[in-house]
> 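Have a look at this one before I ask anything.
Hydrogens, waters and symmetry mates are skipped; everything else that's a heavy atom, side chains included, is used.
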Amino acid sequence: MKIPRLVISGLRGGSGKTLLAMAIISYLNFKKGLKVIPFKKGPDYIDSGWLAQAAGTACYNLDSFIIPEERLLRSFYQHSKGDISVIEGNRGLYDGMDIEGTHSTARLARLLNAPVVLILDCTKITRTAAALVLGAKEFDREVLIGGVVLNQVSGERHERIIRESIERYSSLPVVGAIPRLDSQEFPERHMGLIPYQEHGERQKVIDIALRIAERYLDMEAILKIAWSAPEIVAVEEEKPEKESQSREKTLRIGIVRDSAFQFYYEENLEELRRRGAILVEVNALEDRTLPDIDCLYIGGGFPETNAIRLSENREFIRHLKAAIEKGLPVYAECGGMMYLGEEIIYGDSSYPMAGVIPVSFVMNRRPVSHGYTVLEVTGRNPFYKEGTVIRGHEFHYSRALLKGEVFFSFTMRRGDGIIDKKDGITYKNILATYTHVHAYGTQEWVEGILRRASEYKWQSNNT
């Protein structure tokens with residue numbers, strides 16, 4: 001099957017990959033009228049959200065640490081039902097988890113047999129840029145680098161020297177040159193960009209990205225690179241058992257989705273729908289009561305920047321606590337766990353939260369933990385069988401202060417967890433953890449959600 005595709009990568013993190021990916025996607029979507037399917041490599045939610053906004057369709061994750069390669073390929077093939085697929089890498093092109101570059105963007109590009117457009121930060125360099133590009137090209141000949149985009153160019157002379165040097169010494173075409181911009185439209189918070197849900201002028205950001213493509217990129221050359229990708233072998237779709245799908249089609253899964261809780265892999269939600277569940281959106285900032293649901297999923301986000309509104313919505317918190325005491329299953333990741341705690345301490349202020357688990361969360365200026373995680377389920381909990389090994393990731397600026405006795409269900413093989421290499425606080429039918437999981441890598445997550453929701457629904461109907 002012919003799937004035009006390209007990977008956007010750089011020589012390091014912060015080189016401009018997201019800006020370039022948004023520019024290309026916006027142009028192809030709004031100017032060419034193409035259906036663009038965006039993908040993001042790496043454990044990321046914020047960049048993915050912006051890519052989805054530029055494309056007008058969902059962005060999917062391609063991370064071989066948390067998703068086995070076979071399922072990753074299946075996901076790419078099944079979701080690439082548009083005119084072109086654009087994949088944003090993470091970190092530098094060859095940066096992986098070890099000296100072999102395991103789980104690197106280069107490895108992903110080889111796996112997808114996709115050409116790479118390399119963005120190069122040209123700050124304070126000229127001819128050396130050619131050496132960097134040539135090194136990237138020669139380092140692994142199986143990685144198909146199709147072209148280079150210059151970034152942070154300071155003027156015409158600067159651009160000319162770098163462009164001519166790269167094209168002479170590496171034989172790779174320069175397909176764009178973005179000048180040093182004074183724009184403040186891409187502010188950072190924690191991981192990178194502010195989530196699009198919290199940006200006051202998200203359409204203006206998309207418009208800026210579109211203008212960058214129009215003014216500074218050779219889009220015809222970039223399209224040619226994407227179309228040079230060879231055909232990809234079809235991968236069959238996994239289908240749920242008919243009995244399971246029939247049994248689960250009446251389950252109602254609540255998803256807390258508002259400006260405080262926004263970090264969800266689209267595939268997690270799709271997988272629940274594919275299994276027949278009905279997803280019901282919940283707003284913890286504005287809703288006063290819980291809807292009729294059989295399970296609640298609270299993802300990550302920035303509850304600390306919405307702490308006042310979350311704290312003031314006491315009516316919703318009362319209904320949530322009452323439902324939890326009656327046995328409502330709740331799966332809470334990172335920010336969702338913070339919301340279930342006693343308070344969030346942010347600066348000199350303390351904001352009371354739901355008070356379901358006896359933990360306070362103190363916000364730090366620097367990350368407390370950041371990276372991939374491997375967890376072993378070592379204790380009872382509502383969703384996972386003991387002995388299950390989970391791969392995920394954690395990124396948080398908060399640290400936990402235990403205010404009472406808690407029961408931990410996870411032991412960390414890799415990562416930090418909540419405290420002392422422990423994670424997964426269990427209380428009644430809730431499980432709260434710093435680790436984010438992906439449904440394609442942790443299929444036990446889907447099974448656990450649906451199983452516990454089914455049990456809760458049966459109990460509610462028979463009591």
> I'd like to check the side chain to side chain donor-acceptor pair (under 3.5 Å) partners of Thr442; sequence neighbours left out, ordered by chain and number.
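Thr442 satisfies side chain to side chain donor-acceptor pair (under 3.5 Å) with no other residue.
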> Looking at Arg309 and Glu312, is there a salt bridge between them, counting it only when a charged N and a carboxylate O are closer than 4.0 Å?
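Salt bridge absent between Glu312 and Arg309.
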> Would you say the side chains of Thr105 and Ser9 form a donor-acceptor pair under 3.5 Å?
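Checked: Thr105/Ser9 side chains show no N/O donor-acceptor pair below 3.5 Å.
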> Just verifying a value: how many Å separate Gln152 CD and Cys122 SG, rounded to the nearest 0.5 Å?
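Between Gln152 CD and Cys122 SG, I get 8.5 Å after rounding to 0.5 Å.
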> Would you please say whether a donor-acceptor pair under 3.5 Å links the side chains of Thr426 and Asn381?
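Not at all, the side chains of Thr426 and Asn381 share no donor-acceptor pair under 3.5 Å.
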> Any non-hydrogen side-chain atom of Phe410 less than 4.5 Å from a side-chain atom of Val377?
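Side-chain contact under 4.5 Å: yes.
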> About how many Å separate CD1 of Ile425 and OH of Tyr434, when rounded to the nearest 0.5 Å?
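Between Tyr434 OH and Ile425 CD1, I get 9.0 Å after rounding to 0.5 Å.
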> If a pair satisfies salt bridge (Lys or Arg N to Asp or Glu O under 4.0 Å) and one of its residues is in residues 85-104, list it, with sequence neighbours excluded.
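Residue pairs with at least one partner in residues 85-104: Lys40-Glu88.
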> Any idea how His436 and His393 line up, ring-wise: parallel (<30°), tilted (30 to 60°), or perpendicular (>60°)?
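Ring orientation of His436 relative to His393: parallel.
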> Does the Tyr427 side chain pair with the main chain of Ala432, one donor and one acceptor, at a distance under 3.5 Å?
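No, the answer is negative, given that no donor and acceptor are paired below the 3.5 Å cut-off.
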> Heavy-atom distance under 4.5 Å between the side chains of Ser454 and Asp294, does that happen here?
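Of all side-chain heavy-atom pairs linking Asp294 with Ser454, none is under 4.5 Å.
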> Check side chain to side chain donor-acceptor pair (under 3.5 Å) between Arg5 and all other residues, then give those that pass, not counting sequence neighbours.
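In terms of side chain to side chain donor-acceptor pair (under 3.5 Å), with neighbours along the sequence ignored, Arg5 is linked to no residue.
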> Measuring only between side-chain heavy atoms, which start at C-beta, is Asn61 closer than 4.5 Å to Glu267?
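Yes, side chains in contact.
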> Indicate yes or no: at least one non-hydrogen side-chain atom of Leu112 is less than 4.5 angstrom from one of Leu62.
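Answer yes - side chains close enough.
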> Ring of Phe383, cation from Lys385 - is the NZ or CZ under 6.0 Å from the centre and inside 45° of the axis?
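Checked: cation-pi criterion not met.
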> I'd like to check the ring pair (Phe, Tyr, Trp, His ring centres under 6.0 Å) partners of Tyr440; sequence neighbours left out, ordered by chain and number.
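Ring pair (Phe, Tyr, Trp, His ring centres under 6.0 Å) list for Tyr440, sorted by chain: His438.
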> Could you state the interatomic distance from CD (Glu304) to OG (Ser349), rounded to the nearest 0.5 Å?
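Glu304 atom CD to Ser349 atom OG measures 13.5 Å (nearest 0.5 Å).
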> May I ask you to say whether Glu270 pairs ionically with Arg273, meaning some side-chain N is under 4.0 Å from a carboxylate O?
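Arg273 and Glu270: not salt-bridged.
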> Going by the salt bridge (charged side-chain N to carboxylate O under 4.0 Å, His left out) test, name the single residue among Arg413, Lys421, Lys422, Arg414 that passes it with Glu376.
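Only match with Glu376 under salt bridge (charged side-chain N to carboxylate O under 4.0 Å, His left out): Arg413.
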> Let me know which of Tyr297, Tyr45, Phe395 forms a ring pair (Phe, Tyr, Trp, His ring centres under 6.0 Å) with Phe263.
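Only one option passes, and that is Tyr45.
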> Verify side-chain contact (heavy atoms from CB on, under 4.5 Å) between Leu272 and Asn268, making sure each step is shown before the conclusion.
CA-CA 6 Å; Leu272 291 171; Asn268 288 21; 5.9 Å; no
> Can you tell whether the side chains of Arg107 and Glu69 come within less than 4.0 Å, N to carboxylate O?
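Here Arg107 pairs with Glu69 in a salt bridge, since their nearest N and O are under 4.0 Å apart.
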> Please determine, by modelled atom types, if Asn306 and Ser259 share a side-chain donor-acceptor pair under 3.5 angstrom.
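Checked: Asn306/Ser259 side chains pair up, N/O donor to acceptor below 3.5 Å.
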> State whether Glu70 and Arg74 are salt-bridged, where the test is any N-O pair (Lys NZ or Arg NE/NH1/NH2 against Asp/Glu carboxylate O) under 4.0 Å.
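Between Arg74 and Glu70 there is a salt bridge, with a charged N closer than 4.0 Å to a carboxylate O.
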> For Arg274 and Glu271: C-alpha separation, side-chain torsions, deciding distance, then whether salt bridge (Lys or Arg N to Asp or Glu O under 4.0 Å) applies.
CA-CA 5 Å; Arg274 189 178 75 92; Glu271 193 66 5; 2.6 Å; yes
> Does a donor on one side chain sit under 3.5 Å from an acceptor on the other, for Asn151 and Arg180?
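Per modelled atom types, Asn151 and Arg180 side chains form no pair under 3.5 Å.
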> Could you check if a side-chain atom of Ile317 sits within less than 4.5 angstrom of a side-chain atom of Lys321, using non-hydrogen atoms only?
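Yes, close enough: below the 4.5 Å cut-off.
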> With sequence neighbours excluded, tell me which residues meet side chain to side chain donor-acceptor pair (under 3.5 Å) with Gln203.
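Gln203: side chain to side chain donor-acceptor pair (under 3.5 Å) contacts with Asp207.
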> Quick one: side chain to side chain donor-acceptor pair (under 3.5 Å) partners of Glu444, sequence neighbours excluded?
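With neighbours one apart ignored, the set is empty.
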> Between Leu51, Ile212, Ile206, Ile208, which is the residue that forms a side chain to side chain contact (heavy atoms under 4.5 Å, CB included) with Ser26?
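So, applying the side chain to side chain contact (heavy atoms under 4.5 Å, CB included) to Ser26 and each of Leu51, Ile212, Ile206, Ile208, only Ile206 qualifies.
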> Step through it carefully: locate the ring centre of Tyr339, locate the ring centre of Phe261, and say whether they are under 6.0 Å apart.
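Yes; Phe261 has its ring centre under 6.0 Å from that of Tyr339.
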> Tell me, do Asp63 and Tyr372 make a side-chain contact under 4.5 Å, heavy atoms counted?
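Yes; the side chains approach each other to less than 4.5 Å.
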> Just verifying a value: how many Å separate Ser409 OG and Tyr384 OH, rounded to the nearest 0.5 Å?
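Between Ser409 OG and Tyr384 OH, I get 10.5 Å after rounding to 0.5 Å.
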> Hey, does Lys457 have a side-chain heavy atom less than 4.5 Å from the side chain of Thr250?
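Thr250 vs Lys457: side chains touch.
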